[in-house]
Visitor: 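Dumping the structure here so I can ask a few things about it.
Just so you know, ligand 1 is whichever comes first in the structure, and atom 1 is the first atom listed for that ligand. As a basis for the values below, the full set of heavy atoms in this structure was taken, side chains included, without hydrogen atoms, waters or symmetry mates.
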Amino acid sequence: MSRIRRGYEDRFRALLRQARARRLEEGVQWLVAKARRLSARDGISLADALAQVYERLAARQSFQCSTSGTAPSRFLCDAGLGGLARWLRAAGYEAAWRPDIDDDELLREARGMGATILTTDAMLMERRLLRDRIIPVFWLPPTLSIPEQLALVFREFGLAVRGPRCMTCGGELHRVGKEALRERIPPKTYRWLDEFFVCGRCDKLFWHGTHWQRIMVTLSALEGRSVEATGKHRHSKQVQE
Ligand SMILES: [Zn+2]
C-alpha cells in the first residue's frame with residue numbers, strides 16, 4: 001500500500017505544482033489525509049479512496065492541463081504494462097514494451113528513444129532522472145484495469161484515437177490486396193472480407209472481425225463517442241481473429 005500511496009503523492013504533487021499551489025508538501029499531505037477519511041467513512045480501500053481524491057482533483061479546471069503540454073511521440077511501458085502497450089498501439093500510438101526489462105535498461109531505453117515512461121512502480125519514480133523530469137514519466141495506480149489505465153493515459157496527455165498500429169510490435173499497417181495474401185488467409189475469411197492489412201515491421205496479417213469491433217467500442221468510449229462516430233478510423237484496421 002505504501003507504494004501506491006507514494007505514487008499518488010507524486011501525482012498530487014505534480015497536479016499542485018501545475019496549478020502553482022504554494023506549500024506543496026502540506027497540500028499533498030492534506031489530500032492523503034482526505035483520502036484516509038474517505039476510506040474510513042465509506043469503508044473502501046485506501047487505494048480506491050486515493051483514486052477518487054485524485055480523480056476529483058484532476059477534473060477541476062485549474063488542474064486540467066496535461067503534465068507535458070503536448071502528446072508524447074512514443075511511450076515505453078514498464079514490464080507490468082504489456083496489456084496497456086498493446087491497447088495504446090491499437091489506438092494508434094507507438095508503445096514499446098519488453099517483459100524482462102530491468103529499471104536501468106528501461107531508463108536508458110526511454111532516454112535513447114525520447115519516450116515517455118509509463119509505470120506502476122512508485123519506487124521507480126524515486127530515480128533522479130525521473131524526479132528531475134529529465135525523462136518524462138507517468139505513474140499509473142497498479143489497481144486499475146487495462147481500459148482504466150488507457151483512459152487515464154488518454155486524459156493525462158489529451159490523446160485522441162488514431163488509425164491503429166500493429167498490436168504486436170507497434171509497426172504501421174499497410175493495406176494489401178487480398179489476392180496477394182490468398183495463402184495466408186483462412187478460406188472462409190477470404191470469402192467474407194475484402195480488406196486486409198499487413199504490418200510493415202513484423203509482417204503480421206490483420207483484418208477486422210469481431211475482436212476488432214470490441215476494441216473499437218472500448219476506444220470509442222475513451223472519447224465519449226459512439227462507434228459510428230469513429231468511422232474515420234475504420235479504414236485502418238486491426239486485429240487478427
Ligand atoms: Zn507488427
Side-chain angles (χ1 to χ4, degrees), residues 71-102 105-120 135-136 138 140 145-147 149-154 157 159-223 227 230-241:
S73 57
R74 50 181 68 93
F75 295 100
L76 178 58
C77 296
D78 81 4
L81 290 173
L84 176 63
R86 291 175 62 79
W87 276 87
L88 278 166
R89 292 170 192 153
Y93 290 87
E94 281 222 66
W97 173 74
R98 278 199 286 125
D100 49 0
I101 198 164
D102 68 35
E105 263 182 286
L106 186 78
L107 297 180
R108 244 193 329 271
E109 209 167 305
R111 215 170 174 181
M113 290 165 63
T116 294
I117 294 176
L118 300 177
T119 183
T120 54
I135 300 170
F138 185 59
L140 293 143
S145 67
I146 293 172
Q149 291 170 348
L150 192 66
L152 199 58
V153 172
F154 259 60
F157 296 104
L159 306 184
V161 178
R162 300 174 177 170
R165 304 178 78 94
C166 172
M167 276 178 98
T168 304
C169 80
E172 279 185 54
L173 300 182
H174 303 291
R175 195 170 166 171
V176 178
K178 73 174 186 176
E179 294 74 23
L181 297 167
R182 182 161 203 143
E183 282 169 21
R184 295 178 63 186
I185 302 169
K188 216 170 154 186
T189 309
Y190 189 89
R191 278 199 299 278
W192 282 101
L193 292 174
D194 289 321
E195 289 187 318
F196 294 89
F197 299 82
V198 171
C199 172
R201 204 180 287 165
C202 75
D203 200 41
K204 193 168 173 177
L205 173 65
F206 293 89
W207 60 83
H208 51 152
T210 51
H211 183 37
W212 168 242
Q213 298 299 341
R214 280 197 297 275
I215 287 173
M216 284 313 291
V217 168
T218 304
L219 292 181
S220 305
L222 284 177
E223 298 186 312
V227 182
T230 61
K232 68 181 158 90
H233 300 298
R234 272 203 227 144
H235 294 290
S236 32
K237 324 313 172 176
Q238 180 72 309
V239 176
Q240 199 164 356
E241 284 286 278

Visitor: At their closest point, which heavy atom of Ala90 faces which heavy atom of Ile215, and how far apart are they?
Guide: CB-CG2, 4.1 Å

Visitor: Below 6.0 angstrom between ring centroids: does that apply to Tyr93 and Phe157?
Guide: no

Visitor: Please indicate how many protein N/O/S atoms are found closer than 2.8 Å to the Zn ion (ligand 1), with waters neither displayed nor included.
Guide: 4

Visitor: Heavy-atom count check: over 12 atoms from other residues, nucleotides or ligands less than 6.0 Å from Glu109 CD?
Guide: yes

Visitor: Quick one: closest heavy-atom pair of Cys77 and Leu88, and the distance?
Guide: SG-CD1, 4.4 Å

Visitor: Does some side-chain heavy atom of Val198 sit less than 4.5 Å from a side-chain heavy atom of Asp203?
Guide: yes

Visitor: Okay, side chain of Arg89, backbone of Thr168: is any donor-acceptor separation there less than 3.5 Å?
Guide: yes

